[in-house]
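Report on one structure; see the data block that follows.
Note that the structure is a prediction, hence the values are computed from the model and not measured. The sequence lines fix the lettering, A, B, ..., with proteins before strands; numbering per chain opens at 1.
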Amino acid sequence: MPELAEVETIARNLRDGTTNSPGIIGKTIRDLVIHWHKTLAMPDEASAHSRAVGKEILSVGRRGKFIQIELDGNCYIFIHLRMSGDLQVISPSNEKIPGHIRAEWVFSDGSRLVFNDPRKFGRIWITDLPQDVVGKLGIDPFDEQLTIITFSSMLMNKHRQIKALLLDQTFLSGMGNIYTHESLHRAGILPRRDSSRLTVDEMDKLLGAIREVLTEGIMRNGSSIDWVYRGGDFQNYFRVYGRKDQPCPVCGTAIARTLVGQRGTHYCPHCQPEERSNEM
DNA sequence: AGCATTACCCGCACGC
DNA sequence: TGCGTGCGGGTAATGC
């Protein structure tokens with residue numbers, strides 16, 4: 001699915017508009033149509049309809065990997081794109097309709113916000129209690145309160161494989177499989193290393209690498225992978241993700257693939273070595 | 001009890 | 001045609 005950089009890009013496009021589509025701030029919802037029942041996680045369809053219809057869109061933002069759309073009357077729409085979701089604004093003049101629409105909001109001006117999601121894993125919540133949906137999310141990687149002091153103590157208080165920990169949304173919110181790979185490679189850390197046993201220098205490098213990779217990802221409008229194209233081109237700058245057997249751009253060693261927590265994991269055996277033993 | 005890991009599951013499309 | 005794989009995450013089971 002889209003990760004932080006892709007979700008951020010989509011949120012910005014919905015808010016500010018693109019050359020092809022207008023933003024949705026200020027639009028009024030005239031109708032909500034659910035095409036695939038399970039896409040609506042909360043509440044039931046009738047309640048969702050009555051909560052959203054007639055409301056004006058006040059803001060669009062991101063919470064972890066959730067898109068947050070604020071409506072007037074203290075109501076929020078949360079959308080999680082999971083693996084294959086995408087959001088597009090379709091104007092009457094801009095009829096390029098995607099093939100797997102699971103839900104859509106129709107606005108009073110005739111334009112629509114469509115939720116396209118081939119794999120049907122994406123979910124929508126409409127609620128006046130945001131904490132029920134995003135309350136358990138960990139700190140955002142760009143949060144100013146996430147200093148190296150905070151980050152290092154967070155890591156030292158856990159004993160988990162560093163890659164699995166970075167993917168845990170209650171620990172840090174927004175990291176996914178791609179950006180985790182790229183961050184660990186840039187920081188020179190093997191994905192299965194124990195988080196609490198990283199050196200302070202490694203923790204410092206890791207936080208910097210996470211922010212660097214996410215910033216570049218956002219700058220390039222995210223990554224476009226598989227058949228789900230979203231307009232970004234960060235995929236052309238991956239150093240390890242999806243590059244099994246190809247040379248590491250830093251040292252030329254063949255990129256290796258393994259499994260960490262049931263998920264494909266790529267790394268450079270030379271740049272990301274095993275932990276050095278402390279024994280003499 | 002609480003934490004960490006593993007297995008399985010959920011729809012679909014694509015490459016080999 | 002069949003099989004493995006995947007920008008994610010929830011649940012259940014197991015082990016420490």
Report task. Scan side-chain atoms only and decide if A:Ser183 and A:Thr180 contain a donor-acceptor pair under the 3.5 Å cut-off. Result ->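 Note: A:Ser183 and A:Thr180 side chains miss the donor-acceptor criterion.
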Query raised in the report: Are side-chain N/O atoms of A:Asp109 and A:Ser111 paired as donor and acceptor at under 3.5 Å?
Result: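 Yes - a donor-acceptor pair under 3.5 Å links their side chains.
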Distance in angstrom units between [X] [atom1] and [N] [atom2], rounded:
{"X": "A:Leu4", "N": "C:dG9", "atom1": "CG", "atom2": "C1'", "value": "17 Å"}
{"X": "A:Ile225", "N": "C:dG8", "atom1": "CD1", "atom2": "C1'", "value": "15 Å"}
{"X": "A:Glu3", "N": "C:dG6", "atom1": "CD", "atom2": "P", "value": "13 Å"}
{"X": "A:Arg123", "N": "B:dC9", "atom1": "CZ", "atom2": "C1'", "value": "12 Å"}
{"X": "A:Leu137", "N": "C:dG8", "atom1": "CG", "atom2": "C1'", "value": "13 Å"}
{"X": "A:Leu259", "N": "C:dG4", "atom1": "CG", "atom2": "P", "value": "13 Å"}
{"X": "A:Ile124", "N": "C:dG8", "atom1": "CD1", "atom2": "C1'", "value": "16 Å"}
{"X": "A:Lys65", "N": "C:dG10", "atom1": "NZ", "atom2": "C1'", "value": "14 Å"}

I'd like a list of close polar pairs between nucleotides 4-7 of chain B and the protein, N/O only, cut-off under 3.5 Å.
from: B:dA4; atom 1: OP1; to: A:His159; atom 2: N; distance (Å): 3.3
from: B:dT5; atom 1: OP1; to: A:Gln161; atom 2: N; distance (Å): 3.4
from: B:dT5; atom 1: OP2; to: A:Arg160; atom 2: NE; distance (Å): 3.2
from: B:dA7; atom 1: OP2; to: A:Gln262; atom 2: OE1; distance (Å): 3.4

Query raised in the report: Considering only heavy atoms from C-beta outward, does the side chain of A:Ile139 approach that of A:Thr150 to under 4.5 Å?
Result: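 Counting from C-beta outward, A:Ile139 and A:Thr150 never come under 4.5 Å.
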Requested in this report: Please tell me if the side chains of A:Phe107 and A:Ile29 come closer than 4.5 Å, counting only heavy atoms from C-beta onward.
Outcome: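 When only atoms from C-beta onward are counted, A:Ile29 and A:Phe107 do touch, with a gap below 4.5 Å.
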Query raised in the report: Got a sec, which residues hit salt bridge (Lys or Arg N to Asp or Glu O under 4.0 Å) with A:Asp194, two or more places apart in sequence or on another chain?
Result: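 Counting only residues at least two positions away or on another chain, A:Asp194 forms no salt bridge (Lys or Arg N to Asp or Glu O under 4.0 Å).
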Requested in this report: Quick one: list whatever passes salt bridge (Lys or Arg N to Asp or Glu O under 4.0 Å) with A:Arg62, sequence neighbours left out.
Outcome: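 Partners of A:Arg62 by the salt bridge (Lys or Arg N to Asp or Glu O under 4.0 Å) criterion, ordered by chain and then number, come out as A:Glu8, A:Asp140.
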Report task. Work out which heavy atom in A:Leu184 is nearest to a heavy atom in A:Pro191; give both atom names and the distance. Result ->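 That would be CD1-CA, 3.8 Å.
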Report task. Would you jot down, in residue-number order, the residues of residues 166-178 of chain A having a non-hydrogen atom under 4.0 Å from DNA chain C? Result ->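 When residues 166-178 of chain A is checked for heavy atoms under 4.0 Å from DNA chain C, the hits, listed by number, are A:Gln169, A:Gly176, A:Asn177, A:Ile178.
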Requested in this report: Tell me, with the steps shown, if A:Ile77 and A:Trp105 meet side-chain contact (heavy atoms from CB on, under 4.5 Å).
Outcome: CA-CA 11 Å; A:Ile77 298 172; A:Trp105 290 264; 3.6 Å; yes
Using a cut-off of under 3.5 Å, enumerate the N/O to N/O pairs linking the protein to nucleotides 11-14 of chain C.
none

Query raised in the report: Is C:dG4 in the syn range, within 90° of 0, or in the anti range?
Result: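 Anti for C:dG4; the angle lies over 90° from 0.
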Query raised in the report: Between A:Asp168 and A:Arg160, is there a salt bridge with N-O shorter than 4.0 Å?
Result: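 A:Asp168 and A:Arg160: salt-bridged.
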Query raised in the report: Using a side-chain heavy atom cutoff under 4.5 Å and only I, L, V, M, F, W and Y, what cluster partners does A:Tyr267 have?
Result: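 Result for A:Tyr267 is A:Leu190.
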Requested in this report: Give one of base, sugar-phosphate or nothing for A:Arg257, where a contact means two heavy atoms less than 4.0 Å apart.
Outcome: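 Sugar-phosphate contact only.
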Requested in this report: Could you work out the separation of C:dT1 and B:dC10 based on their C1' atoms and round it to a whole Å?
Outcome: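 After rounding to an integer number of Å, I get 24 Å for this pair.
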Query raised in the report: In this structure, are over 12 heavy atoms from other groups packed under 6.0 Å from A:His35 atom NE2?
Result: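 Above 12, so yes.
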Query raised in the report: Do other residues, nucleotides or ligands put more than 12 heavy atoms under 6.0 Å from the NZ atom of A:Lys27?
Result: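 Yes - once you tally the heavy atoms of other residues, nucleotides and ligands closer than 6.0 Å, there are more than 12.
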Query raised in the report: For DNA chain C, which consecutive runs of 3 or more Watson-Crick or G-U pairs (each distance under 3.5 Å) count as stems?
Result: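 For DNA chain C the paired stretches long enough to count as stems (3 pairs minimum) are B:2-10 with C:8-16, B:12-16 with C:2-6.
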Which pairs of donor and acceptor atoms, one on a side chain in residues 124-136 of chain A, lie under 3.5 Å apart (sequence neighbours left out)?
from: A:Thr127; atom 1: OG1; to: A:Leu129; atom 2: N; distance (Å): 2.9

**Report entry** Results of side chain to side chain donor-acceptor pair (under 3.5 Å) for A:Arg63 - residues two or more places apart only
**Finding:**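 Expected list: A:Gln68.
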Report task. Tell me, please, which residues at least two apart from A:Phe238 pass ring-ring contact (aromatic ring centres under 6.0 Å, His included). Result ->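 Checked A:Phe238 against ring-ring contact (aromatic ring centres under 6.0 Å, His included); matches are A:Phe234, A:Tyr241.
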Between the protein and nucleotides 12-16 of chain B, list the N/O to N/O atom pairs that are separated by less than 3.5 angstrom.
from: B:dC12; atom 1: OP1; to: A:Lys120; atom 2: NZ; distance (Å): 2.6
from: B:dA13; atom 1: OP1; to: A:His100; atom 2: NE2; distance (Å): 2.9

Could you pull out all donor-acceptor pairs under 3.5 Å where a side-chain atom in residues 242-255 of chain A meets a protein atom, sequence neighbours excluded?
from: A:Arg243; atom 1: NH1; to: A:Arg239; atom 2: O; distance (Å): 2.7
from: A:Arg243; atom 1: NH1; to: A:Pro247; atom 2: O; distance (Å): 3.1
from: A:Arg243; atom 1: NH2; to: A:Pro247; atom 2: O; distance (Å): 3.0

Query raised in the report: Do we count A:Phe121 as stacking onto B:dG11 if the rule is ring centres under 5.5 Å and planes under 30°?
Result: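 So A:Phe121 does not count as stacking on the base.
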Requested in this report: Mind telling me whether A:Phe151 and A:Phe171 have parallel, tilted or perpendicular rings, with 30° and 60° as the class edges?
Outcome: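 Taking A:Phe151 first and then A:Phe171, their aromatic rings sit tilted (interplane angle of 30° to 60°).
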